Amino acid sequence: AMLRLRLLTWDVKDTLLRLRQPVGQSYAAEARAQGLQVQPEALGRSFREVYGAQSRRFPNYGHGQGLSSRQWWLDVVKQSFRLSGVRDEAALTKLAEKLYRDYCSSHNWEVLPGAAETLSRCRQLGFRMGIVSNFDSRLEVILSQCDLLHHFEFVLTSEAAGFAKPDGRIFEQALRLGGARPEQAAHIGDDYSRDYRAARAAGMHSFLLRAAGQGEGPEVPPEHVLPTLSHLLARIEK
């Protein structure tokens, strides 16, 4: 059966953009530039621990808890370095500010293979396009720096929405912004619960980007799985 789609919504991280290198490596490189020796592996572990704890304590970048997303991230960076043994508070502040800015650019992000071509083709086919991402307010600048922003009519971050995927309310906002009913829309993302299952729970179609050999996740009908982004076009061609 043909899908009668009008709107495509897209996740960003590991769907359209990915980090050029692991967080531990870029944090360690920045520390080295400031004369500090910290092991990338230790920093990576510290970051994962701190990011997890901060996300549990202050979900969605501290939205509604009196934290700005900027402060949320500065705290995460500083704590990651503290946990890795850096004690110099002046250095920590400088590192945090610099890394917060660096992650705002194409310096640390690259476009996934096939993403730019697929987005261009979807626009040529006349789909309306929007972003639905658990991200902070830097996302528009990042997409612009990576030359993808012009493809989208709207960029809805969890920080702006006030809700993070898998909460259905972020998808409801996206449908309003895109002027489409759920059955006229499809969401594309790489996370089973936050993207695929959440969009379907909101009544939308959904496609799961799942590279071959990526380990066995939950069962998904093969026609909903995208081994690469380029596979999307065959699934939605009008």
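Every value quoted in this text rests on a predicted model; they were computed, and no experiment measured them.
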Peer 1: According to a hydrophobic-cluster definition based on side-chain heavy atoms being under 4.5 Å apart (Ile, Leu, Val, Met, Phe, Trp, Tyr only), do L67 and L99 belong together?
Peer 2: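 Yes; L99 is reachable from L67 via cluster members.
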
Peer 1: So do M204 and L175 actually touch side chain to side chain, heavy atoms under 4.5 Å?
Peer 2: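 In contact.
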
Peer 1: Take the angle between the ring planes of F171 and H187 and call it parallel below 30°, perpendicular above 60°, tilted in between.
Peer 2: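 Rings of F171 and H187: perpendicular, as their planes differ by over 60°.
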
Peer 1: Evaluate the side-chain proximity of W73 to V76: yes if any heavy-atom separation is below 4.5 Å, no if none is.
Peer 2: yes

Peer 1: Got a second to check how far L139's CG is from K13's NZ, nearest 0.5 Å?
Peer 2: 12.5 Å

Peer 1: Please examine the side chains of R87 and R82, heavy atoms only from C-beta on, and report whether any two atoms are closer than 4.5 Å.
Peer 2: yes

Peer 1: Could you tell me the separation between the CG atom of L83 and the NZ atom of K78, rounded to the nearest 0.5 Å?
Peer 2: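 The distance works out to 15.5 Å.
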
Peer 1: Salt bridge or not between K165 and D191? Use side-chain N to carboxylate O under 4.0 Å.
Peer 2: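 A salt bridge is absent here (no side-chain N lies under 4.0 Å from a carboxylate O).
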
Peer 1: Assess the residue pair E159 and S69 against the criterion (side-chain hydrogen bond (donor to acceptor under 3.5 Å, both in side chains)); give the C-alpha distance rounded to whole Å, side-chain angles, the decisive distance to 0.1 Å, and a yes or no.
Peer 2: CA-CA 8 Å; E159 181 178 11; S69 59; 2.9 Å; yes

Peer 1: Hey, any chance V141 and Y103 share a hydrophobic cluster, counting ILVMFWY side chains that come within less than 4.5 Å of each other, even indirectly?
Peer 2: no

Peer 1: Where is the tightest heavy-atom contact between L232 and C122, given as atom of each residue plus distance?
Peer 2: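 Looking at all heavy atoms of both residues, the shortest contact is CD2-SG, 4.1 Å.
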
Peer 1: Just grab all the side-chain hydrogen bond (donor to acceptor under 3.5 Å, both in side chains) pairs involving residues 172-181, residues at least two apart or on different chains.
Peer 2: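 The answer is R181-E183.
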
Peer 1: Do R4 and Q184 come close enough that some side-chain heavy atom pair is under 4.5 Å?
Peer 2: no

Peer 1: Is the side chain of T93 donor-acceptor paired with the backbone N or O of E89 at a distance under 3.5 Å, no angle test?
Peer 2: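 Yes: the side chain of T93 pairs with the backbone of E89.
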
Peer 1: Donor-acceptor pair, distance only, cut-off 3.5 Å: does the side chain of S84 make one with the backbone of S80?
Peer 2: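 Yes, the answer is positive, given that a donor and an acceptor are paired below the 3.5 Å cut-off.
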
Peer 1: What closest approach, in Å, do L156 and A161 show between heavy atoms, and which atom pair accounts for it?
Peer 2: CD1-CB, 3.8 Å

Peer 1: To the closest 0.5 Å, what do you measure between CD (E153) and CG (L8)?
Peer 2: 10.5 Å

Peer 1: Given the rule that I, L, V, M, F, W and Y join up when any side-chain heavy atoms are under 4.5 Å apart, are L208 and L16 in one cluster?
Peer 2: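 Different clusters.
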
Peer 1: Any chain of hydrophobic side-chain contacts (each under 4.5 Å) joining L95 to Y51?
Peer 2: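 L95 and Y51: one cluster.
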
Peer 1: I'd like to know if the side chain of R20 reaches the main chain of W109, judged simply by a donor and an acceptor atom lying under 3.5 Å from each other, with no hydrogens or angles considered.
Peer 2: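 Yes: the side chain of R20 pairs with the backbone of W109.
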
Peer 1: Of all heavy-atom pairs between N134 and S158, which one has the smallest distance, and what is that distance?
Peer 2: CA-OG, 3.3 Å

Peer 1: Under 6.0 Å between ring centres, would you say that holds for W72 and Y100?
Peer 2: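 Centroid distance W72-Y100: not below 6.0 Å, so no.
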
Peer 1: For the residue pair W10 and F152, does the interplanar ring angle fall in the parallel (under 30°), tilted (30 to 60°) or perpendicular (over 60°) class?
Peer 2: perpendicular

Peer 1: Backbone N or O of C104 within a donor-acceptor pair of the R138 side chain at under 3.5 Å?
Peer 2: no

Peer 1: Show the numbers, then the answer: is there a side chain to side chain contact (heavy atoms under 4.5 Å, CB included) between L7 and F127?
Peer 2: CA-CA 6 Å; L7 171 69; F127 292 106; over 6 Å; no

Peer 1: In sequence, state the C-alpha distance, the side-chain angles, and the governing distance for F135 and V155, and then conclude on side chain to side chain contact (heavy atoms under 4.5 Å, CB included).
Peer 2: CA-CA 10 Å; F135 218 101; V155 174; over 6 Å; no

Peer 1: Please report the closest heavy-atom contact between T228 and L209, naming both atoms and the distance.
Peer 2: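 Closest approach of T228 to L209, heavy atoms only: C-CD1, 3.7 Å.
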
Peer 1: For residues V111 and A116, report the shortest heavy-atom separation together with the two atoms involved.
Peer 2: CG1-N, 4.2 Å

Peer 1: Only distances under 3.5 Å count here; give the side-chain donor-acceptor pairs of residues 28-40 to other protein atoms, sequence neighbours excluded, each with its distance to 0.1 Å.
Peer 2:
residue, atom, partner, partner atom, Å
E30, OE1, K98, NZ, 3.4

Peer 1: Is R235 paired with E223 through a side-chain N to carboxylate O contact shorter than 4.0 Å?
Peer 2: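 No, E223 and R235 are not salt-bridged.
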
Peer 1: With hydrophobic residues grouped by side-chain heavy-atom distances under 4.5 Å, do V132 and L226 end up in a single group?
Peer 2: no

Peer 1: Nearest 0.5 angstrom please: S133 OG to I170 CD1, how far?
Peer 2: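 It is 7.5 Å, given to the nearest 0.5 Å.
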
Peer 1: Using the side chain to side chain contact (heavy atoms under 4.5 Å, CB included) rule, take C146 and E110 through it: C-alpha gap first, then chi angles, then the decisive distance, then the call.
Peer 2: CA-CA 7 Å; C146 295; E110 64 186 359; over 6 Å; no

Peer 1: Please determine whether side-chain hydrogen bond (donor to acceptor under 3.5 Å, both in side chains) holds for the pair R121 and Q124, giving the CA-CA distance in whole Å, both sets of side-chain angles, and the decisive distance to 0.1 Å.
Peer 2: CA-CA 5 Å; R121 188 81 188 99; Q124 285 162 6; 3.3 Å; yes

Peer 1: Nearest 0.5 Å, what's the CD1-CG distance between I188 and D11?
Peer 2: 10.0 Å

Peer 1: Side chain to side chain contact (heavy atoms under 4.5 Å, CB included), that's the test. Do Y196 and F207 meet it? Break it down for me.
Peer 2: CA-CA 6 Å; Y196 179 75; F207 297 98; over 6 Å; no

Peer 1: Under the salt bridge (charged side-chain N to carboxylate O under 4.0 Å, His left out) rule, collect the residues that match up with E97, sequence neighbours excluded.
Peer 2: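 With sequence neighbours excluded, E97 shows a salt bridge (charged side-chain N to carboxylate O under 4.0 Å, His left out) to R70, given in chain and number order.
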
Peer 1: Are any non-hydrogen side-chain atoms of Q71 and L74 less than 4.5 angstrom apart?
Peer 2: yes

Peer 1: At what distance, to the nearest 0.5 angstrom, does CD1 of I236 lie from NE2 of H205?
Peer 2: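 The distance works out to 11.5 Å.
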
Peer 1: With side chains defined as the heavy atoms from C-beta onward, is the minimum distance between V23 and L43 less than 4.5 Å?
Peer 2: no

Peer 1: In terms of side-chain geometry, is the basic nitrogen of R210 or D190 positioned less than 4.0 Å from the acidic oxygen of its partner?
Peer 2: no

Peer 1: Would you mind reporting whether H151 and S120 have side-chain heavy atoms less than 4.5 Å apart?
Peer 2: yes

Peer 1: For R194 and P166, which heavy atoms make the closest approach, and how far apart are they?
Peer 2: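 Scanning both residues completely, I find the closest heavy atoms to be CG-CD, 3.9 Å.
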
Peer 1: Is any side-chain heavy atom of V86 less than 4.5 Å from a side-chain heavy atom of L92?
Peer 2: yes

Peer 1: By the definition side-chain contact (heavy atoms from CB on, under 4.5 Å), identify the one residue from L119, I131, I142, V12 that meets it with L148.
Peer 2: L119

Peer 1: Hey, is the main chain of A91 close enough, under 3.5 Å, to the side chain of D88 for a donor-acceptor pair?
Peer 2: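 Confirmed, D88 side chain pairs with A91 backbone.
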
